Amino acid sequence: MAVTPRFGAIILCGGQSRRMGFSKALLPFGKKTMIENAIDILGQIASEIVVVASPDQILPELGSIIRIVRDPIAYQGPLKGMQSGLMHISDQIDSVFITATDSPLLKPELIHHLSNQSENFELVMPFDGKYYYPLTAVYKVKPVLEKVNQLIRDDRHRPFFLMEELHSKTIHVNKIKEFDPNLDSFRNINTPGDYRNILQTTNLPIPEEFRAPPIHIEFYGVPRLITKVAHATLEAENLAELISELSRNFPELKGPVIVNESLHPAYRFMRGTSEFLMDLQDPLVANDKILILAVDAGG
Amino acid sequence: MTPGYHGKYLRIDLSNQIMDLPEIGSEIYSQVIGGVGLGVWILSRETEAGYHPLSAESALIIALSPLVGTPLTTSAKFAVIAKSPLSNRICDAMCSSHFAMAAKKIGVDAICIKGRLVEPSILFIDGTGDDPIRFSLSTAAPYLGDTAAETERKIRVESGTDWQIISIGLAGEIQIPFATLSHDGRHAGRGGLGAVLGSKNIKAIAVRGDKRTNIANTNETMKIARSLSERSFTPATAKYRELGTVANLLVFNRFESLPTRNFQEGSFLEVESLTQHDLAPARKIAKNSCAACTIGCEHIYSIKSDKGDQPKGVRMEYESLFALGPLCGVSDPEMVLKASALCDEFGLDTISTGGTIAFLMECMDKKFIPQGLEDNVFPKFGDGESVIRLIHDMMSPDPSIIARLLKLGSRRAAQEIGQNTIAFAQQVKGLEMPGYHPRKLHAMALGMTVGCRGADHNRTGAYEVDFREHDRSADSVALAVIETEDKAAIMDSLILCKFIRGVFQDFFQESAEMLSAVTGTCYTKSSLIESAKLIVRMRKAFNQREGWTPEEDALPESIFAQDSVEDSYLTKTSLEDLIKHYNAGRGFSDEGWLNDTQMQCISRLGSDHSIE
């Protein structure tokens, strides 16, 4: 993919990473960090890249061609970050792709496609029928900066307001599948579970300190018949992640036991023999014994 | 006539060899529905208080239901109802398949057998053609000692394959109080109904007919039937389809609820040797299903044949596996399969057989041995050979003293042995406990304790409460147990197989729709719940008439937690508290008696339930 003249990119990496508990920019992604990975992807299409970081944020050596801008005050939200980025992009750049540092599977083809749609619009933003993606979108530098400044003055800090007030085009994600069949570009990392999931998708190793606690699964009845094992040890920090791990390790469970990333209502999880686990976000702790059983006990 | 029904039952007085066809009013059907409900109603009006279950005065009822013969899956079932010779209380057991459909085609909704013949006989009931229903008798001499399956086969060879047959094995002939009555390899297993038939000198009943009942709303019935069939293929029934009930073994073991060595423990160390995974690949030779069933829960296992014999298969269920395996401490699957096959052949309830043998084993362990008996004749935990030997011994014309004790069932054996061995005779009302150790399953403990049939897992689904998230207060547990008992009363009266229960979103609502479509009578969810409560009360009323006392609603002493065990274990006080809440929830007196209004409602139905 060739670099597009007058097209730049802004990476917002100054967020708090609260749910992650670790700076997302510095998360290992293969041999690189996430920020380096983002730069590598964007470098394939953008002629200039600005990284917006928080005042004291530690970043790896990014090379002299990357401009690093520090927010004056930390954690003021994405609109402030966009403001910093847009103010510091050079004059030759007409439009920019703005992203965070946490979407490691971004496809340059997708960015190119959005950029191609942007000639007559100030903002081109994907939409999936429910959500808009302002941090996977292409913006015209000058009019957007003006609007951002105004919104900040008015104390209206949601990026969504840009969509309403700029001359915008939304693109349904279904039309993007041509470039990104699994819509991987929209998979971002907010939690350690998201991080592990993405690493597993890409067959990259999970750093030791980010591994989920080991959980001992006991299969009974049909799940045991299907998996052909009585026990397994998987790593997961909650039921949702456990289901995802079960699907990955025992794909044959999908359909008869796991449906729509949830347990089929004919089955249930128990922690030991006394605690019924109902909520997918129920936290698991190391060495939990989780039983997968038919609801229909007895008979 | 109300669609789905014939409007009458067949009453045969064997002593006088006469029959008649008493009518049943539509107001009765709309309240008792069929199956167990109808059977209890007939039994109550056909018998006098205080009769002996194996006397000529006793009655055996075979009750059908409005759903029999419809395309609704699992509906080809019949209920058998009588006073149990094991418990002296109500006994109702289900059986299934072609007999249900053939019996209904006679042109009646139930068959009531009273009196007694002088000689062992086969009873033929013919409802074909334009002639009125008629019955005939022929000698059972050529079939005596035969298995039920062999008897069925021979009669069909000799009389024609249009006959469908229920039969008893040798255990029924010699009136062992836990003898079964069976059809096509399936047993109305609990409580000794086979002995009741045997006491009437009937070896088998053969039926045929060609009378069909109408369906009120065919389109609606077909629609429901299609939906039910589709749902019967979903994961909700996969356990039964793929593994059968033996899948319970490992789960119950994990929950420390697998009764082991006569309920002394709740888990069995050698359990893995008995699991379906060891049994299945090498041994499972066939799967089978009842007539009109889309689930197909029967899993047939092969047994190593003795020299010169044909290889045999045995249908294995969790209850047989637990009772003849862990309950007796037996871990050799070959021994368990053989013992189970033997019970099938003789027509013995596997739970009561295993339960009583396990009781005798514990007597041996604890040196509670009746005078005049040598130690070495007692069976020992873990000795599978002795289980098989005892079953054979029990059937011999001259059984040993120990086999004579076994023939009594655990309660009466304990009474014979004395020395307070009743404390570990694991039964309620004389019926041996099924494979649910109640010390951690408090809802099930309550269900088994208050159950009219005795310790029972089919007239209550209380274990379902224990195996789901629930409020553990006594009041909530009691109400949940009542609900499962009500649900079972309707399933057993419709009749539908319990294995389909997981597919319903709203069981009472969907059942009301089903019944309304078939019968044209307007049933609602609330009317069906009322019927359920009435059926439960009618069973209780029968027991009260036959001498029930509140003391019968109790578990054996040995079940209760001693000091220094886990908090989650059942105590006598906690069970008594549950019973109190159950009685309140049912509207009974504190002690558990039906109240006057409840009795009056039952009396108005025309059943004789006078309580002294």
Side-chain angles (χ1 to χ4, degrees), chain A residues 215-233 239 243 246-247 250-282 284 287-299, chain B residues 231 234-257 266-267 272 275-277 280-281 297 317-319 434-436 440-441 444 447 457-458 460-470 472 484 497-503 505 566-568:
Chain A
I215 306 298
H216 307 296
I217 316 288
E218 299 177 28
F219 297 100
Y220 290 95
V222 170
R224 182 164 164 173
L225 186 73
I226 292 174
T227 58
K228 299 188 175 67
V229 295
H231 307 274
T233 299
L239 278 188
I243 290 173
L246 282 164
S247 300
F250 302 102
E252 60 275 26
L253 288 174
K254 284 195 272 186
V257 178
I258 294 172
V259 181
N260 296 333
E261 292 166 19
S262 193
L263 211 54
H264 187 281
Y267 298 95
R268 68 161 61 100
F269 285 119
M270 286 191 78
R271 184 174 2 230
T273 54
S274 55
E275 192 186 347
F276 296 87
L277 300 176
M278 320 297 270
D279 192 329
L280 291 179
Q281 296 311 314
D282 275 349
L284 301 176
N287 299 314
D288 264 349
K289 290 184 169 61
I290 301 295
L291 283 58
I292 304 179
L293 302 161
V295 167
D296 209 350
Chain B
R231 285 183 280 163
T234 60
T237 56
K239 178 180 124 180
Y240 303 107
R241 199 169 44 247
E242 305 296 338
L243 292 165
T245 54
V246 295
N248 292 340
L249 191 77
L250 285 176
V251 178
F252 286 22
N253 190 64
R254 182 67 172 83
F255 280 76
E256 295 173 53
S257 300
S267 50
E272 290 285 341
T275 63
Q276 66 272 25
H277 302 289
C297 69
E317 296 288 349
Y318 166 68
E319 293 296 340
Y436 301 76
K440 286 182 132 183
L441 308 178
M444 188 56 182
H457 65 293
N458 279 326
T460 176
Y463 51 83
E464 287 184 2
V465 182
D466 292 306
F467 284 107
R468 69 175 187 237
E469 179 75 336
H470 64 283
R472 286 162 206 271
T484 68
C497 177
K498 297 220 168 57
F499 294 169
I500 203 161
R501 66 191 187 278
V503 310
Q505 296 290 321
E566 287 181 42
D567 290 348
S568 60

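Remember, predicted model here, so these are calculated numbers, not experimental data. Chain A is the first sequence line, chain B the second, and so forth, proteins listed ahead of strands; every chain is numbered from 1.
Within the model, atoms OG1 of A:T273 and CG of B:D466 stand 11.5 Å from one another, a figure rounded to the nearest 0.5 Å. Here the straight-line distance linking atom CG of B:L243 with atom OH of A:Y220 works out to 14.0 Å at 0.5 Å rounding.
Of the atoms belonging to A:E218, it is side-chain heavy atoms, and not backbone ones, that fall under 4.5 Å from chain B.
Most heavy-atom pairs under 4.5 Å with chain A: of the set B:M444, B:K498, B:R468, this distinction falls to B:R468.
Summarising the geometry of A:G221 relative to B:A247, their closest heavy-atom pair is CA-CB, 4.4 Å, with the distance given to 0.1 Å. Counting all heavy atoms, side chain and backbone alike, A:F276 lies closest to B:R472 at CE1-NH2, 4.1 Å.
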Verdict with reasoning, B:R254 to A:L291, per side chain to side chain contact (heavy atoms under 4.5 Å, CB included): CA-CA 10 Å; B:R254 182 67 172 83; A:L291 283 58; 3.8 Å; yes

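Other residues, nucleotides and ligands contribute only 12 or fewer heavy atoms inside 6.0 Å of the CG atom of A:N260. B:E469 CD: more than 12 foreign heavy atoms inside a 6.0 Å radius.
The closest donor-acceptor contact from the side chain of A:R268 to the backbone of B:F467 lies under 3.5 Å. Side-chain N or O atoms of B:K239 include one that pairs as donor or acceptor with a backbone N or O of A:D296 at under 3.5 Å.
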